[in-house]
Trainee: 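Below is the structure I would like to discuss, written out as C-alpha cells.
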Amino acid sequence: MGSNNFYVSCERVFQPTLSGKPVVVLSNNDGCVIARSEEAKAFGIPMGLPAFQLADLLQDQPIEVYSSNYTLYGDMSARVMMTMAQWTPDVEVYSIDEAFLKLSALPPEGLSVYGQTMRTTIQQWTGIPVSIGLGPTKTLAKLANRLAKRSAEAGGVVALTATSEVEAALAQTPIEHLWGIGPGYTRRLKAHAITTALQLRDANDRWIRQLLGVVGQRIVWELRGISCLPLERCPPPKHSLMMSRSFGRPITTLTEMREAVATYMTRAAEKLRRHHVAARVVTVFLTTNRFRDEPQYTKSATMPLPVATQDTAELIRYALQGIAQIFREGYRYKKAGVMVTELVPAHQIQAHLFDQHDRERSRRLMAAIDAINTQWGSGTVRYAAVGVQPRWRMRCVRRSPRYTTRWEEPAVVRCAP
DNA sequence: TCTGGGGTCCTAGGACCC
DNA sequence: TCTGGGGTCCTAGGACCC
C-alpha cells in the first residue's frame, strides 16, 4: 500500500475545497516543496523546488501553499495503518505513507479484488486515497504500486502475479524507477548498457555482485520473484536518533547557538524516553549555508558519556560542552543538530562504580516533566538553557490546524442552508 | 530574505592480535 | 636471496530509502 501526495491528501480531508486545485506542502522551515497535488505537478512544479522560487514560477496561478503539519500527517497515517491491520496482522509500516502486507493465504486470482476492497475501505474510513500493488516480493510489490499510481485504467490496484505480466512490467520500467536503485547504481548500470528492469533481472549473478555488491544482488533476486527482504512486523530497535533544524534566520553568537542546541537536545531526550532507550554517545554539529557565497564552516564534536542516559539536563551539559568546542566566531550559521548514538535499552543501563548520579531520582523527574508537557503542551516545563522566545526558530507561516490532535484546533463542518 | 530532516546498511581499509 | 596467515574490530564514506 502506498499513497500519492499523502500530505496533500491529509490537507484535503479537512479542507475539501482544495480538491481539484493545485496544492503544495513545504518542508520544515518552509524551505522547499515536498508534496505536490497532481494539478501542481501539471504546472511543472518539481519536487524539492525552493519555496522562494514558487512565486516566480506561478505569477498568477492560484496555488495553495501549506507549511508541513507533521502532527496531523502522523495521526492520519496511524489511522490508515490501523485500518489495514484488520486484514492481516502481518503489516510492516514502512514509512509515513507506505506499508507492506503479507497476504500469502490468498489465492493469486483473488488478489486484485481483495486489493480493491482494501482501497475502498481505507478511502471511506480515513478519507485518504491509496494505491495498492501486489507481488511475490517487496521489490515487485513496490513496482506494482508504482504502476497502480500511474495507470488510470488500473483503478488504483495492480497485481503482478502471472509471469507474463511481470515480464511486461519489467520491460517497460527503467532501472532508475526500481526500489533500491538510486543515481549511483543507475550510472554504473547504464555504463554497461543496462537500462530496463528486465535486463537487470536477467543479468549475470557474479557480474552484478561485483558491480553492485550484495545489495544489488538482492534486488535482482527479488525481481526474479525470490524474496530476500523479509517482512518486518516490529521495527528493530533504533541505533541512533537525530534532531536537527535549519534556523529561521542565521545564528552568529554562541549564546544563541547554545539555546538552539539545548532545545534540540531536549527534543532528542524526549524521543529517547519515548523509545525507552538511553544514549552512550552525544554528537553535536553546526554548519553554515552552503548555498550562500560566504565563508563556510561545518564541524561536529562527539562526546562519549560515562554512563548511558536519557536525562535531559545531563545530555544538555554534554551537548553544550561539544558546541563550545566547535563554535567559531565570524560565521553565519544556518543549521545545527544533535545526534545520540550507541543506544541501549533503558532498563539495562550499566552504572559504574563511581557514578555520582542519583539515577532513580532523575528517572522520576523526567517522568514528571514528560507528563506535564504531554498534558499542557510541549515546553510547559523546560530547562533555562533553551532560552525564551528565540529569534532563530524555524518558520512555518502556513501551517494548517492540528485538527485531530488538539482540542483547540478542531475541524469545523459547515452545513449548506 | 530564501534551498528539509531522519534514518539504515554495506564495504574497504587500517589497527591490532595471535 | 629474502619478508606468514588469518581473524576481529573500528571507522569513514558511500549507497540507498522516504
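Sequence lines set the chain letters: A, B, ... in the order given, protein chains first and strands last, and positions in each chain run from 1.
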Trainee: Does A:Asp202 have any salt bridge (charged side-chain N to carboxylate O under 4.0 Å, His left out) partners at least two apart in sequence or in another chain, and if so, which?
Mentor: none
Trainee: List the steps and the verdict of salt bridge (Lys or Arg N to Asp or Glu O under 4.0 Å) for A:Asp30 and A:Arg398.
Mentor: CA-CA 8 Å; A:Asp30 291 348; A:Arg398 300 156 185 274; 5.5 Å; no
Trainee: In terms of side-chain heavy atoms, does A:Thr341 have a donor or acceptor partner in A:Ser240 at a distance below 3.5 Å?
Mentor: no
Trainee: Between which residue ranges does DNA chain C form stems of three or more consecutive Watson-Crick or G-U wobble pairs, both distances under 3.5 Å?
Mentor: B:5-18 with C:5-18
Trainee: Quick check: A:Tyr7 with A:Tyr70 (ring centres under 6.0 Å apart)?
Mentor: yes
Trainee: Base contacts versus sugar-phosphate-only contacts with protein, heavy atoms under 4.0 Å: please encode nucleotides 10-18 of chain C as B, S and - from 5' to 3'.
Mentor: -----SSSS
Trainee: Is there a salt bridge (Lys or Arg N to Asp or Glu O under 4.0 Å) between A:Glu167 and A:Arg201? Walk through the geometry before answering.
Mentor: CA-CA 10 Å; A:Glu167 293 234 337; A:Arg201 184 200 69 178; 2.7 Å; yes
Trainee: ring-ring contact (aromatic ring centres under 6.0 Å, His included) with A:Tyr318: which residues, sequence neighbours excluded?
Mentor: none
Trainee: Would you say the side-chain atoms of A:Asp311 and A:Ser362 include a donor-acceptor pair closer than 3.5 Å?
Mentor: yes
Trainee: Which whole number of Å gives the distance between the C1' atom of C:dG4 and that of B:dC17?
Mentor: 14 Å
Trainee: Between the side chain of A:Arg258 and the main-chain N/O of A:Thr255, is any donor-acceptor distance below 3.5 Å?
Mentor: no
Trainee: For nucleotides 1-8 of chain B, just jot down a letter per nucleotide in 5' to 3' order: B, S or -, based on protein non-hydrogen atoms under 4.0 Å.
Mentor: -BBSSSSS
Trainee: Pair A:Glu270, A:Arg273 - check salt bridge (Lys or Arg N to Asp or Glu O under 4.0 Å), show working.
Mentor: CA-CA 5 Å; A:Glu270 286 166 3; A:Arg273 297 195 289 271; 5.0 Å; no
Trainee: Among pairs that include at least one residue of residues 181-195 of chain A, which meet side chain to side chain donor-acceptor pair (under 3.5 Å), considering only residues two or more places apart or in two chains?
Mentor: A:Glu176-A:Lys190, A:Thr195-A:Gln199
